[in-house]
There are 2 protein chains.
Amino acid sequence: MAGSSTAANGAKASPAIMSDTPRYRRYRPEERAAMLVEAGLAVLAEGGIAGFTVDNICKKSGASRGLIAHHFGAKEGLLAACYAAAYAPLLADLAPEEGMLPDLATLLDRLFSAEHFRPETLRLWLALWGEVAGNPALQAEHRRLYTAFRASLARAIAALAPQAKAETLAVSIIALADGLWLELCIAPDLMPAARARALCADLLEPVLGPLPSGTAEKAVAG
Amino acid sequence: MAGSSTAANGAKASPAIMSDTPRYRRYRPEERAAMLVEAGLAVLAEGGIAGFTVDNICKKSGASRGLIAHHFGAKEGLLAACYAAAYAPLLADLAPEEGMLPDLATLLDRLFSAEHFRPETLRLWLALWGEVAGNPALQAEHRRLYTAFRASLARAIAALAPQAKAETLAVSIIALADGLWLELCIAPDLMPAARARALCADLLEPVLGPLPSGTAEKAVAG
DNA sequence: TTGTTTGTTGAACGATCATACAACAATGGG
DNA sequence: CCCATTGTTGTATGATCGTTCAACAAACAA
């Protein structure tokens, strides 16, 4: 929409009317970056990594082509930012504050909350995981975040059942959640969040004993 | 390498020497199709869906560009064939023959065998899953194959422990395997096949009782 | 109002993509 | 040996990709 180097400039309707309506809005760098990240997450969820194109992202965010390079250096920089942005809410839910950790049943409720456990989110993760597999920088970042995630879970397990193999169980729980997530995406009607949560509890209770809100009610974030 | 419509034809070294060395080999359609599928699986494993290009596939298989369209209509046809080809060995391992079903411990050994449980294979699945999520045709095919897979597992569980919720457990086992597969890809050194198998057994044995080859040895296909 | 800063624009560019197609040649039957 | 069949080739084509960059204008200070 801005002026070009051609001669057909400034000839849009009436110049007098044009002058007081801004051609675009100027955002602070952090605001614009956040807009691009949000658009990037949206197109990843819609079309996978193949849909993560400059055109799609800019159309979705309302920005112009040049902005991705301007704010993130290149498309890959935006992808890394999208990755961090996708992980952030999960970590925030599972370890809200330093020192204060929810109990295991609450963690499971949040992990399988309707907010996280939905096809849209999984599609996003599928696209990101595929990239992580071949991108050392993203892989290192994933390892760092995953470790923190697992540690929170392990501490919650240890608090509930000191005799259990907390680290090992934490690994299994995350793996189970990821796998159930996958099923949700393939057959959304057969794997709602509540069923996934119940499946997880069924497998855990023989090891850890009954979990407070195992079957129903008292859902914290769902 | 074949002739072109330009005038610079037939001028390769010596025509007399050329005449007895075939310019290319002619395969039966099914053979060539299999070669292209194999190459497709390879490039998917190496570069994800982004690496699944006509150029890459043809270079890998030694064929020329036109063959994908000739044998599969379009690139998407080849992708569907690759998907079926990726699922086939898993199904063949888990339900070798109609009527004759291995016991659960053997099934787990095979599911977590070194043949299936390796990063290369996961990268392939990651790429395919990402496509399945947005492709109704692939999604239907996945559902069909997955259902057969789960049914085999459920029968093996029912044979071992009639009182268990076989279908539910089968779903959980597959989800757990998928999630552990994912971890393998992210941190191959931390999640070898044997550890994944052990994690699975740890979670299952409190429900099903001891599994024959739970801890070590007697690996069937690993 | 004027000038400076800087976030924004979009056309241009070369690379790469999937596909179509007409010419070519390997193979096998005659 | 010749001919018909048909699997194979690779150029041509138009679309789309990520990136660059010089011009532009919004915001703000003076």
Side-chain angles (χ1 to χ4, degrees), chain A residues 1-12 15 18-36 39-40 43 47-59 61-80 82 131, chain B residues 1-12 15 18-36 39-40 43 47-59 61-80 82 131:
Chain A
M1 292 260 194
S4 68
S5 54
T6 69
N9 204 4
K12 293 189 188 174
M18 278 290 303
S19 61
D20 58 354
T21 162
R23 282 210 239 252
Y24 59 85
R25 177 168 163 197
R26 236 171 127 95
Y27 291 91
R28 302 207 323 277
E30 61 208 40
E31 283 178 313
R32 181 65 83 175
M35 292 167 65
L36 290 171
V43 300
I49 195 67
F52 192 74
T53 68
V54 172
D55 275 329
N56 283 347
I57 296 160
C58 291
K59 190 174 299 181
S61 75
S64 69
R65 270 185 175 62
L67 280 189
I68 290 179
H70 185 257
H71 287 285
F72 295 95
K75 201 182 75 164
E76 192 176 323
L78 175 58
L79 184 62
C82 287
E131 277 302 296
Chain B
M1 293 259 193
S4 68
S5 55
T6 69
N9 205 3
K12 292 191 187 173
M18 279 291 303
S19 60
D20 58 353
T21 163
R23 282 212 239 252
Y24 57 84
R25 178 170 162 194
R26 235 172 129 95
Y27 292 91
R28 303 208 321 278
E30 62 209 36
E31 284 178 312
R32 181 66 84 175
M35 292 167 65
L36 290 172
V43 300
I49 195 67
F52 193 74
T53 68
V54 172
D55 275 329
N56 283 347
I57 296 161
C58 291
K59 190 173 299 182
S61 75
S64 69
R65 272 189 181 70
L67 280 189
I68 291 180
H70 184 258
H71 287 283
F72 295 94
K75 201 181 73 162
E76 192 176 323
L78 175 59
L79 184 62
C82 287
E131 277 301 297

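Quick caveat: nothing in here was measured; it's all calculated off a predicted structure. Worth knowing before you read on, the calculation uses all heavy atoms, side chains too, and leaves out hydrogens, waters and symmetry mates. In what follows, chains carry the letters A, B, and so on, assigned in the order in which the sequence lines appear, proteins first and then strands, with residues in each chain numbered from 1.
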Just so I know, are the side chains of A:C58 and A:I68 near enough to count as touching, which here means a heavy-atom distance under 4.5 Å?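 Touching, per the 4.5 Å side-chain cut-off.
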4.5 Å side-chain heavy-atom contact, B:F52 and B:C82: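 A side-chain contact exists here, since the closest heavy-atom pair is under 4.5 Å.
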Measure the distance from [atom1] on [X] to [atom2] on [N] and round it to the nearest whole Å.
X: A:E76; N: D:dT19; atom1: CD; atom2: C1'; value: 14 Å
X: B:L79; N: C:dC17; atom1: CG; atom2: P; value: 16 Å
X: A:F52; N: C:dC17; atom1: CZ; atom2: P; value: 19 Å
X: B:I49; N: C:dT16; atom1: CD1; atom2: P; value: 19 Å
X: B:I57; N: C:dT16; atom1: CD1; atom2: P; value: 17 Å
X: A:K75; N: C:dA15; atom1: NZ; atom2: C1'; value: 14 Å
X: B:D55; N: D:dT11; atom1: CG; atom2: C1'; value: 13 Å
X: B:R23; N: D:dT9; atom1: CZ; atom2: C1'; value: 10 Å

Looking only at non-hydrogen atoms, find the nearest pair between B:T53 and B:A50 and report the distance.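 It is CG2-O, 3.6 Å.
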Those residues that, when tested against A:R25, pass side-chain contact (heavy atoms from CB on, under 4.5 Å) (two or more places apart):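 side-chain contact (heavy atoms from CB on, under 4.5 Å) check on A:R25 returns A:Y27.
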Partners meeting side-chain contact (heavy atoms from CB on, under 4.5 Å) with A:A39 (sequence neighbours left out):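 Expected list: A:I57, A:K60, A:S61.
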Counting only non-hydrogen atoms, which of residues 25-33 of chain A are less than 4.0 Å from DNA chain D?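 The answer is A:R26.
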Starting at CD of B:E131, measure out to CG of B:L79 and round the result to the nearest 0.5 Å.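 Going from the CD atom of B:E131 to the CG atom of B:L79 covers 5.5 Å.
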Measure the spacing between CD of B:E31 and NE2 of B:H71 and express it to the nearest 0.5 Å.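 Answer rounded to 0.5 Å: 10.5 Å.
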Among residues 61-72 of chain B, which contact DNA chain C at a heavy-atom distance under 4.0 Å?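 Heavy-atom cutoff 4.0 Å gives B:R65.
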Using the test salt bridge (charged side-chain N to carboxylate O under 4.0 Å, His left out), find all partners of A:R65 that sit at least two apart in sequence or belong to another chain.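 Scan of A:R65 (salt bridge (charged side-chain N to carboxylate O under 4.0 Å, His left out), adjacent residues dropped) gives A:D55.
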Please list all pairs meeting salt bridge (charged side-chain N to carboxylate O under 4.0 Å, His left out) that have one or both residues in residues 66-80 of chain B, counting only residues at least two apart or in different chains.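 Salt bridge (charged side-chain N to carboxylate O under 4.0 Å, His left out) check on residues 66-80 of chain B returns no pairs.
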